[in-house]
2 protein chains.
Amino acid sequence: MTAPRDIPNNLLESLKSLGLTKYEALVYIGLLRVAGATATEIHEISGVPRASVYPVLDRLVQKELVSVSYITPKRFDAVPPDRGVENLMRRIETDAESARAALDALYREKRPEGRGNQEQVWTIYGEENIRTRLADMFRSAERSVEVLATWDLLPESVLTLLEAVPDSVSVDIVTDCWEGERPSRFGIHVLPLATLRETRSPPGKLLPYESSGVFLVDDARALLWVGSGGEQPSALYSESAGLVLFVRRHITSVTEWARTAAQ
Amino acid sequence: MTAPRDIPNNLLESLKSLGLTKYEALVYIGLLRVAGATATEIHEISGVPRASVYPVLDRLVQKELVSVSYITPKRFDAVPPDRGVENLMRRIETDAESARAALDALYREKRPEGRGNQEQVWTIYGEENIRTRLADMFRSAERSVEVLATWDLLPESVLTLLEAVPDSVSVDIVTDCWEGERPSRFGIHVLPLATLRETRSPPGKLLPYESSGVFLVDDARALLWVGSGGEQPSALYSESAGLVLFVRRHITSVTEWARTAAQ
DNA sequence: TAAATGTTGTTGTTACTATAACAACAAGGT
DNA sequence: ACCTTGTTGTTATAGTAACAACAACATTTA
């Protein structure tokens, strides 16, 4: 194929991830604008080689994206886009569900192997995954939860998760600002963390201090949220004694530093 | 690869349709049962060649299915299945939505070409697609809607769609049985269609008469529902005068036949 | 016959699969 | 210090399968 002209490339990519091949996508798109076309017409419109049009149409019929008229020559028509996409998604969702079930069985079956988790530092990619891990940490807290984070992280990603912390556990939050009501069961400390921005290590260059957070549970498990500037965020999680101690010191020292600097 | 032992094949297929390759699926499955494994351990468990494990893991991290621990040697862990599948589905749903939007634009933009629809007979596959077409027919009815169908089709697939018929249009339903209340605005005729079963064309063989339906709108558009025995149902749709006339005669003759046979 | 339809087979291309070999490094033995 | 031994991570390079692109043929229709 020379030129799938005027077809936005990302549309082709999207359709591919729905399980269509390039030809299938082109033929379907072509059919959306011609009503009842013959194989040759489809070939002319879509740019797909005429010989390839036939098997491709077979597959599209199988996938419930086109309907056939059995006159000679055969004529084809596309089902409307919303219906068509729904037909594709139905299959995928079925697969997703059965995969989820099968994987979950494997997951539960053999997971006793809780090997040396304690000394490792895990890197977690993606906000969703980070939130899941945070939720696990909060839910399993037994004595204390400490949060040191810039305000921009708290409302959207953290505060709701904190409701899962058991009642008997103390929760302390250090942040640089607070809007809205203050939940009474949390110890909330608003400190001018923003002044940290003026710390310069490469002289003249401001350190960004946004979308960063540190979370410590029971003085035993720590998570460091790294914003990574607009990109997909990542985080470090560890139960290693060394890193936990470091985090412990970090929280106390930042708290102290900000408290004095405010005076 | 020789033996992806004890991995059900349909699980691999399901994961493939979620956008994973065979290796990606095998590695992810392997990681679900080992906690923090090294590349070599993953190779032993999953059967994937050791050299292939590294790029595969890169892709899995990119897809938010595994997390990394940067000690030497690197150790890897899988995100829980429900979260992992959700991560995959999120991408696909995004693609589906953007594809749907783009296709819809194309669809609306250029669709005036309502060429010679009138003489064609369209074959429609899949119950969902048939229902969509039926809904279109009912919604656009101007004078009359006639339904001749076995009862098993009506409640689950047809009755709700009939509510879209405009008020000024007469609706007549012929079926072999009726349960529940009878909507007053429909003309309902219960006839012993079941006796048709006893019509024998290949002597000694009963003709099935289930899940079949005939729909006629304005004496101009007809749809024939073909049950196709448990499989994906299909239907014929046409605006051709010839086929419409045939359906017209079919409905009246069956009605007459059943009425006399009942006496 | 001419033109168009539908089918078949072959070749190119790509992404994934599979194997082998290599350099870098650590542990252990002489 | 030197040399094995084994492991990690990387690279190169065949093999394979599905798709893409093309050519040739048989079949129908006008």
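Per chain, numbering begins at 1; letters A, B, ... match sequence-line order. Note that the structure is a prediction, hence the values are computed from the model and not measured.
In this structure, Y70(A) places its OH atom 18 Å from P of dT28(D), rounding to the nearest Å. Across the protein-nucleic acid pair, L12(A) atom CG and dC19(D) atom P stand 16 Å apart, rounded to whole Å. Atom NE2 in H43(A) sits about 13 Å away from atom P in dA21(D), given to the nearest Å. Computed from coordinates, the D58(A) CG to dA18(D) P distance equals 17 Å when rounded to whole Å. Atom P of nucleotide dG15(D) and atom NZ of K22(B) are separated by 18 Å, given to the nearest angstrom. If you measure from atom CD of E24(A) to atom P of dA21(D), you get 14 Å, rounded to the nearest angstrom. Rounded to an integer number of Å, the gap from L20(A) CG to dA18(D) C1' is 15 Å.
OP1 or OP2 of dA18(D) has not a single side-chain nitrogen or oxygen of Y23(A) nearer than 4.0 Å.
Ion pairing between E86(A) and R100(B) fails under the 4.0 Å rule for side-chain N and carboxylate O.
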Taking distance alone, no hydrogens or angles, what donor-acceptor pairs closer than 3.5 Å link side-chain atoms of residues 49-57 of chain A to residues at least two apart or in another chain?
none

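Of the listed residues (V66(A), V48(A), I45(A)), just one forms a side-chain contact (heavy atoms from CB on, under 4.5 Å) with V27(A), and that residue is V48(A).
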Interface polar pairs with nucleotides 5-13 of chain D, N/O, under 3.5 angstrom:
| from | atom 1 | to | atom 2 | distance (Å) |
| --- | --- | --- | --- | --- |
| dT8(D) | OP2 | T40(B) | OG1 | 2.3 |
| dG9(D) | OP1 | K74(B) | N | 3.0 |
| dG9(D) | OP2 | Y54(B) | OH | 3.4 |
| dG9(D) | N7 | R50(B) | NH1 | 2.8 |
| dG9(D) | O6 | R50(B) | NH2 | 2.9 |

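Here the side chains of Y125(A) and Q62(B) are not in contact, with every heavy-atom distance at 4.5 Å or above.
There is a side-chain donor-acceptor pair under 3.5 Å between S140(B) and R221(B).
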### Task
Walk me through it: do W225(A) and S157(A) pass the test side chain to side chain contact (heavy atoms under 4.5 Å, CB included)?
CA-CA 11 Å; W225(A) 184 305; S157(A) 300; 4.0 Å; yes
